[in-house]
Amino acid sequence: MRRQGINASKDKIFRDMIAANMIDENGQPTQTAMDNGWIDQQGSKVTEQASLAAFKQANPMYAPFADSHFTRTAKGWGIDGYVFHTLVNEALNSPMATDEVKEMAHIVLKEAKKMERQ
């Protein structure tokens, strides 16, 4: 994935979200994020994005992927297997990933494999 120029480390995503004025340095949503509807007024959840561009802006880890990897669903925007596996593998292989992040990535992959079998 790094050969493709995609770097989706947790630290990079955090820095990108700060640069996009989505969150502050403490990880709290900004007024801009609330004004644009990226979170609800209580700051408790991300809201559904009307356009793919808005979704990618609100979720910078998806920005490097072509629009063809996304599908609009009744619950919002969905990603295909390529994006899913790319991001999980990035988490597993990142030298910056903590043991907790790597463990979570393994759990997510295990659950995805269960769902694929169903």
Side-chain angles (χ1 to χ4, degrees):
M1 191 162 91
R2 283 196 176 93
R3 283 179 264 145
Q4 297 170 339
I6 299 170
N7 183 357
S9 71
K10 187 175 176 181
D11 183 56
K12 181 175 180 344
I13 293 167
F14 185 76
R15 286 190 317 249
D16 288 349
M17 290 176 74
I18 292 171
N21 199 26
M22 295 171 64
I23 59 172
D24 64 21
E25 292 80 13
N26 297 318
Q28 297 300 309
T30 63
Q31 187 63 47
T32 300
M34 288 188 275
D35 292 346
N36 286 303
W38 298 334
I39 60 166
D40 67 10
Q41 291 303 310
Q42 292 79 31
S44 62
K45 67 178 186 174
V46 175
T47 60
E48 189 175 308
Q49 299 299 310
S51 72
L52 181 54
F55 175 76
K56 284 181 167 183
Q57 184 178 9
N59 301 280
M61 68 185 179
Y62 297 122
F65 298 99
D67 290 356
S68 60
H69 293 288
F70 300 85
T71 304
R72 182 77 168 148
T73 71
K75 294 183 180 182
W77 288 100
I79 59 172
D80 66 8
Y82 173 77
V83 173
F84 172 80
H85 287 286
T86 300
L87 292 175
V88 171
N89 284 322
E90 175 68 21
L92 287 171
N93 296 314
S94 173
M96 299 171 76
T98 64
D99 289 341
E100 182 181 3
V101 168
K102 290 180 180 184
E103 180 181 345
M104 184 59 72
H106 282 293
I107 291 169
V108 168
L109 278 177
K110 185 178 178 181
E111 290 300 314
K113 286 178 184 177
K114 280 184 194 176
M115 290 173 62
E116 288 171 0
R117 285 187 231 129
Q118 293 177 353

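Numbers here simply count residues along the sequence, with the first being 1. The figures here come from the full heavy-atom set of this structure, side chains too, leaving out hydrogens, waters and symmetry mates.
Distance check, rounded to the nearest 0.5 Å: OH of Tyr62 to CZ of Phe55 gives 5.0 Å. Atoms CG and OG, from Leu52 and Ser68 in turn, are 10.0 Å apart once rounded to the nearest 0.5 Å. Between Trp77 atom CH2 and Ser51 atom OG the span is 7.5 Å, to the nearest 0.5 Å. With values rounded to the nearest 0.5 angstrom, Ile79 atom CD1 is found 9.0 Å from Thr86 atom OG1.
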Worked verdict on Lys56 versus Asp67 for side chain to side chain contact (heavy atoms under 4.5 Å, CB included): CA-CA 9 Å; Lys56 284 181 167 183; Asp67 290 356; 2.5 Å; yes
Decide side chain to side chain contact (heavy atoms under 4.5 Å, CB included) for Leu92 and His106; before the verdict, give the C-alpha distance in whole Å, the side-chain angles of both, and the deciding distance to 0.1 Å. CA-CA 8 Å; Leu92 287 171; His106 282 293; 3.4 Å; yes
Check the pair Val108 / Phe84 against side chain to side chain contact (heavy atoms under 4.5 Å, CB included), numbers first and verdict last. CA-CA 10 Å; Val108 168; Phe84 172 80; 3.3 Å; yes
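At a threshold of 4.5 Å between non-hydrogen side-chain atoms, the residues Leu109 and His85 count as touching.
Summarising the geometry of Val88 relative to Ala105, their closest heavy-atom pair is CG1-O, 3.7 Å, with the distance given to 0.1 Å.
For Asp80 (side chain) and Tyr82 (main-chain N/O), a donor-acceptor pair under 3.5 Å exists by modelled atom type.
By the rule that hydrophobic residues join a cluster once side-chain heavy atoms approach within less than 4.5 Å of another member, Val83 and Met104 end up as members of one cluster.
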